[in-house]
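A short write-up of the structure that comes next.
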Protein chains: 2
Amino acid sequence: MLEKNGSVTLLDVARAAGVSIKTASRALNNAPELRKATGDHVREVMQQLGYQPNELARGLKSRRSATIAMIAPNLADPFTAAAVQAVQDVAREHRYVVILASSGGDAALELSEVEIMARRQIDGLILIAATSGKNTLKGMLAKDVPVVVFDEPVRGEEVDTITVTNRKGARQATEHLLGHGHRRILAVGARPYLYTCSERVAGYRAAMRSAGAEPVELLVKHENELTSEALAPYLSGPCKVEAIIGLNWVCTMGVLRGLNTFKKRLGEEFAFISFDDFELAEMIPPGLTVVRQPTRELGRQAASLLFERIAEKSHGEARKVVLSTEFVIRGSCGCTPT
Amino acid sequence: MLEKNGSVTLLDVARAAGVSIKTASRALNNAPELRKATGDHVREVMQQLGYQPNELARGLKSRRSATIAMIAPNLADPFTAAAVQAVQDVAREHRYVVILASSGGDAALELSEVEIMARRQIDGLILIAATSGKNTLKGMLAKDVPVVVFDEPVRGEEVDTITVTNRKGARQATEHLLGHGHRRILAVGARPYLYTCSERVAGYRAAMRSAGAEPVELLVKHENELTSEALAPYLSGPCKVEAIIGLNWVCTMGVLRGLNTFKKRLGEEFAFISFDDFELAEMIPPGLTVVRQPTRELGRQAASLLFERIAEKSHGEARKVVLSTEFVIRGSCGCTPT
DNA sequence: ATGAAAGCGCTAACAT
DNA sequence: ATGTTAGCGCTTTCAT
């Protein structure tokens, strides 16, 4: 283990192996034009010296950093966490590494994160957009860095996009509640300017209108406005509703907290459906009926798509992948759990 | 926007500003020895040209990549996800970026991840170890890369470590259940070779022994062995217990699923306490009593500690930070919820 | 206070 | 099949 500066360089390897640095480089990259014996020998020397290639140097020269980035509003959200895990798995298969950043749902912060990634010469970006954001991606796209937009499409840019059937899922859930005879159904959403939210609201409205029922909506600008006080009017008094739909995980949490605060019981006083499934949804009695998104699959496909782009380097048509949500009936909608 | 190769270099900036590249470099780094006017002028030119520094090049020369890595067994675990979010927040304050990787709880995979990070010249590492792992960190420490070990100490290495009062927390929970008059209390854990698990088991045993009660333990090698079938003997029949402790989030999930499968009700037939709190714990009737870990605080402190090390570059004594768990009484232990 | 030159560790042209 | 020579974009001596 000869160590000069704390680390062995490719030149050290070359010298020790009695070859030129380029040959060493070829050995490192398993270049086909190398005689097998030569390559093996060099690689053995690498082993012996404990050589570790410097990815920074590699990236600087070759302009590929073997790094992708993923930016999401909130990393602690289980939807995001599951997607991140899936993306990471795919990245590893490609011998890539993933830099993670959260935008906090703030467009300005998001933009600055994207910029930071650009400086790191990332080879690709997966974005769960904080807004249906206009020009967050300008910089990336100008530099020809592939981008896959996830969950939340971005307007005005031709970008690969992967989403779910938001509208249909919400419509289905609403129709189900209507089918149970409910008319006063509350939809609870946050950040209505988001595509996901607005699509889900649209699905909800469509179902309500078709049934001749009047939509009742509580759409807050920011998740933290989703307090028990905000919900109170709908849980008792003249505005009281019969059923509630939580339009995403955070909203579902808010509603459940609210119900808990006022000691309201699911299934009895209120029917409930959540957009977003999660661990334990079945454990909350009488079991939460949910519109499930194929989270891991979303992450996996987003990453796969991204790596295809990275590999081909072609600028084909932007692909739009739409995965289906799944309606999972448990008890909270009013169905008797089997 | 003069663009040559797709990107503006510092040299372009220097030329456009009529200064040397070194001066431009100083302006970029806000070097104090620069005349303010010069610096401002250069920075303005940077703006105009849309200059973005190349972090790879910077890192190559300066040997700091402005990157830290975090490796955890499972990124989808809410405990981890919350910690990740906290780490990311701190990293941003330091204008650092974080690379995330999951080890899947596999020591070999973990080692390879660490190696990958080394090649990227990360400036620091936060590790939630997959095992109380011996030499995972050898490479990092040899290269003088600061490491903070998180949640799970690593034996045989003098490393900054940040943990919680596992033993005390488990003991407290057990004593509480004993206080309710229960004698047959089951402890459910996974990967007993882990420090966290063994400490919690130790706390449990200590409490049981002090009370003259016989420990009943279901300790599986891997989480996925925690099936309903594995739990069945303890939920009915001659082995039936009165109370259960889930020794971490995954175990709690397993137990709750098991109880659900067999239609057993918490609080009535079984008292229950979970090590690890999570969203919704209060919504699972009658409210889950938990030993809460200060997750975000753990993440925050781990990151802060790491950045101190990165900054000082000193090799002071390894610091051992131990944060307190908090016993949160809700209903599932048998206490009447207020 | 500013500049010139050398090189971080690697890969991409060209040789040979 | 292998070696030579330039750089990638930046920071760092050492001058000035």
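If you're wondering where the values come from, they're calculated on a predicted model, not measured in any experiment.
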Nearest heavy-atom neighbours spanning A:D123 and A:P146: O-CD, 3.2 Å

Helix axis bend for the helix from C:dA1-D:dT16 to C:dT16-D:dA1 - C1'-based end axes, five pairs, 10° rounding: 30°

Trace of the salt bridge (Lys or Arg N to Asp or Glu O under 4.0 Å) decision for A:R319 with A:E308: CA-CA 11 Å; A:R319 266 171 278 179; A:E308 272 179 45; 2.8 Å; yes

d(CE, A:M46; C1', C:dG9) in whole Å: 12 Å

Gap between atoms CZ and C1', on A:R15 and D:dG3 respectively (whole Å): 15 Å

Spacing of B:M117 atom CE and A:Q52 atom CD [to the nearest 0.5 Å]: 12.5 Å

Gap between atoms CD and C1', on B:E33 and D:dA15 respectively (whole Å): 14 Å

Whole-Å gap separating C1' (D:dC10) and CZ (B:R63): 13 Å

Minimum-distance nucleotide (side-chain atoms of A:L60 versus C:dT2, D:dG9, D:dG3): D:dG9

Spacing of B:H41 atom NE2 relative to C:dA1 atom P, expressed in whole Å: 19 Å

Whole-Å distance separating the NZ atom of A:K143 from the C1' atom of D:dG9: 12 Å

Interatomic spacing from CD1 in B:I99 to OH in A:Y96 - rounded to 0.5 Å: 13.0 Å

Aromatic plane relationship, A:H94 with A:F307 - under 30° parallel, 30 to 60° tilted, over 60° perpendicular: parallel

B:S102 (side chain) donor-acceptor with B:L75 (main chain) under 3.5 angstrom: no

Residue pairs involving residues 18-30 of chain B (criterion salt bridge (Lys or Arg N to Asp or Glu O under 4.0 Å); sequence neighbours excluded): B:R26-B:E33

side-chain N/O B:S20 vs C:dG3 OP1/OP2, d < 4.0 Å: yes

Heavy-atom neighbours of A:Q47 CD exceed 12 at 6.0 Å: no

Side-chain touch B:T163/B:P153, heavy atoms, less than 4.5 angstrom: yes

Tabulate protein N/O versus nucleotide N/O from nucleotides 10-14 of chain C, keeping only pairs under 3.5 Å, one per line.
unit_1	atom_1	unit_2	atom_2	d
C:dC10	OP1	A:Y51	OH	2.2
C:dC10	OP1	A:N54	N	3.2
C:dC10	OP2	A:L10	N	2.4
C:dT11	OP1	A:N29	ND2	3.4
C:dT11	OP1	A:R58	NE	2.7
C:dT11	OP2	A:S25	OG	2.9
C:dA12	N7	A:K22	NZ	3.2

